[in-house]
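Take a look at the structure below.
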Amino acid sequence: MSLVSIRDVRKSFGSNEVLKGVSLDIAKGDVVAIIGRSGSGKSTLLRCINGLETYQSGSIVADGIEVAGANTNLRELRRHVGMVFQQFNLFPHLTAAENVMLAPTVVNKVSKAEARATAAEVLAKVGLSEKMDAYPSELSGGQQQRVAIARSLAMRPKVLLCDEITSALDPELVNEVLRVVEQLAREGMTLILVTHEMRFARDVGTKLVFMHHGKVHEEGVPKEVFAAPRTPELQQFVGQVS
Amino acid sequence: MSYKLQFAELLPYWNVLLYGLVFTIVLTIVSTVVGIAVGTAGAAARTFGPGWLGRIVAVYVELIRNTPFIVQLFFIFFGLPALGLKLSETTAAFLAMVINLGAYSTEIIRAGIEAVPKGHIEAGLSLAMSKWEVLRHIVLNQAFRKIYPALSSQIIIVMLGSAVVSQISAEDLTYAANYVASRNFRNFEVYLLVALAYLLLAMLTRSLLRALGRVIFKAR
């Protein structure tokens with residue numbers, strides 16, 4: 001059974017239909033790389049999965065919960081579906097450790113001490129043990145993004161959504177973030193990434209999704225799809241980005 | 001022009017003036033604390049609350065911000081008894097001050113809330129926090145940090161504006177000055193002294209608020 005199941009989802013902003021019937025199945029342990037031009041609907045699709053955006057028709061079931069159901073408890077859903085953003089979105093008034101501790105203490109009512117132990121563990125995982133008490137403004141972009149990843153991990157999500165998480169980084173900082181994501185993938189974390197890092201999508205991804213004009217235009221095993229894109233649109237796209 | 005200053009003639013009234021000073025200070029502190037609480041609730045309602053509540057708050061804010069404080073005060077003290085709500089001068093003074101600062105601080109705090117990047121709110125929601133948890137733990141702290149100077153200024157304005165409550169015989173510093181002047185006719189001395197007292201109070205409040213701000217927002 002798939003962990004995230006997307007069925008014929010349609011979404012419009014006003015008269016502009018950005019998702020025109022998207023279907024996708026994601027199994028536990030999948031590392032899904034969603035690629036495509038800007039405006040093709042990939043970020044919107046990702047944001048629909050944890051309910052940051054609503055959709056007009058179709059269905060998304062994540063970890064057994066229908067995202068847009070009438071009685072859906074979005075909080076329950078989001079405890080299992082984490083998200084990391086392009087702009088990091090660390091809370092500037094809190095240290096790295098406090099950023100990580102906030103949701104466990106507020107949402108899961110975990111004690112401060114226990115939350116701090118978790119923070120130490122996840123920050124170590126992203127290689128930032130020494131930066132626990134640093135404020136976001138004292139960290140580089142790459143470090144901030146790794147804290148943001150740790151912050152999501154502290155909630156022990158079953159799926160992690162990554163929305164262009166390296167796009168706002170200086171080129172030399174991209175790899176330190178990708179290494180963390182790669183490690184998560186190796187440990188079996190289910191990941192759905194909207195990304196422009198084609199090499200990463202090919203080497204780490206278990207599934208590649210090419211979105212075009214609000215639809216899944218082509219999908220498959222990354223290495224095969226990159227080696228032999230079937231549609232002219234993907235051929236052109238791959239030619240442009242690589 | 002030869003006027004002989006005779007501050008000694010104020011001495012017999014020192015207790016009246018001191019009472020007025022304390023009244024003004026207490027009035028300012030209470031209306032600041034309660035007024036900012038009202039303003040925080042109002043701003044939260046306008047930004048995070050349901051639309052109908054936001055509209056009610058908007059009407060309240062516009063009503064207060066577009067009418068003179070003295071008229072609000074007179075309405076509460078002289079007008080409301082017609083509806084059977086008769087308040088003492090002191091209660092009316094406190095109420096008018098809270099309502100007034102509540103409206104202004106609603107606008108100021110709302111501006112602060114709206115200046116918090118939307119991404120921070122989405123990040124909080126994505127961590128399974130509720131809207132109100134996001135407001136409390138992520139938004140308000142940042143919002144207050146941004147608008148603290150503006151809010152400090154408003155507190156000083158309200159403190160100085162509180163002189164108006166003397167007009168309904170609430171016994172503040174200005175009321176005390178009027179009282180003394182009407183008895184010993186030393187208008188020059190008493191209003192000079194009281195003006196200095198307000199000046200000192202304003203400067204003191206400003207540095208106190210600045211120090212308080214440094215303590216509260218010590219981190220980035």
Side-chain angles (χ1 to χ4, degrees), chain A residues 43 46-47 49-53 65 73-95 98-109 133-139 144-145 147-157 159-163 168, chain B residues 36-37 39-41 43-44 47-51 105 108-152 209-220:
Chain A
S43 280
L46 204 64
R47 291 162 59 83
I49 297 175
N50 76 341
L52 281 182
E53 298 284 358
I65 300 174
N73 183 347
L74 275 179
R75 296 189 65 173
E76 195 49 38
L77 171 86
R78 288 166 178 161
R79 286 177 60 182
H80 306 299
V81 182
M83 187 161 194
V84 183
F85 300 83
Q86 181 176 353
Q87 295 300 337
F88 328 141
N89 291 329
L90 291 187
F91 311 132
H93 59 295
L94 302 176
T95 63
E98 287 166 347
N99 262 277
V100 177
M101 289 161 65
L102 185 63
T105 48
V106 170
V107 178
N108 293 344
K109 314 286 181 212
D133 298 312
Y135 283 91
S137 58
E138 298 165 339
L139 300 173
Q144 287 190 52
Q145 192 61 295
V147 173
I149 293 171
R151 184 173 68 178
S152 281
L153 292 179
M155 292 296 280
R156 313 286 185 210
V159 190
L160 194 58
L161 311 175
C162 299
D163 190 5
Chain B
I36 289 176
T40 306
T47 48
F48 278 63
S105 57
I108 295 172
I109 296 166
R110 184 174 71 99
I113 290 176
E114 281 170 1
V116 174
K118 216 169 154 24
H120 292 186
I121 297 169
E122 289 184 343
L125 292 175
S126 298
L127 287 164
M129 293 169 76
S130 72
K131 221 161 64 161
W132 299 108
E133 287 164 351
V134 167
L135 180 72
R136 178 163 161 235
H137 297 283
I138 299 166
V139 176
L140 280 185
N141 188 301
Q142 293 190 61
F144 271 101
R145 213 170 277 248
K146 285 178 210 286
I147 53 93
Y148 191 73
L151 202 56
S152 299
L209 286 172
R210 198 171 299 151
L212 192 67
R214 268 200 294 271
V215 174
I216 301 175
F217 304 124
K218 58 180 181 295
R220 257 125 306 205

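Sequence lines set the chain letters: A, B, ... in the order given, protein chains first and strands last, and positions in each chain run from 1. For clarity, every value in this text was computed on a predicted model and none was experimentally measured.
For A:Val84, no part lies near chain B; criterion is any non-hydrogen pair under 4.5 Å. Contact of A:Leu90 with chain B is made through the backbone alone, with heavy-atom distances under 4.5 Å. Of the two parts of A:Arg47, only the side chain, counted from C-beta on, holds a non-hydrogen atom closer than 4.5 Å to a non-hydrogen atom of chain B.
We find that B:Glu133 and B:Arg136 are not joined by a salt bridge, their nearest charged nitrogen and carboxylate oxygen being 4.0 Å or further apart.
Panel note: side chain A:His93, backbone B:His137; a donor-acceptor pair is recorded below 3.5 Å.
A:Ser43 and A:Asp163 form a side-chain donor-acceptor contact under 3.5 Å, judged by distance and modelled atom types alone.
Rounded to the nearest 0.5 angstrom, A:Met155 CE and A:Asn108 CG are separated by 4.0 Å.
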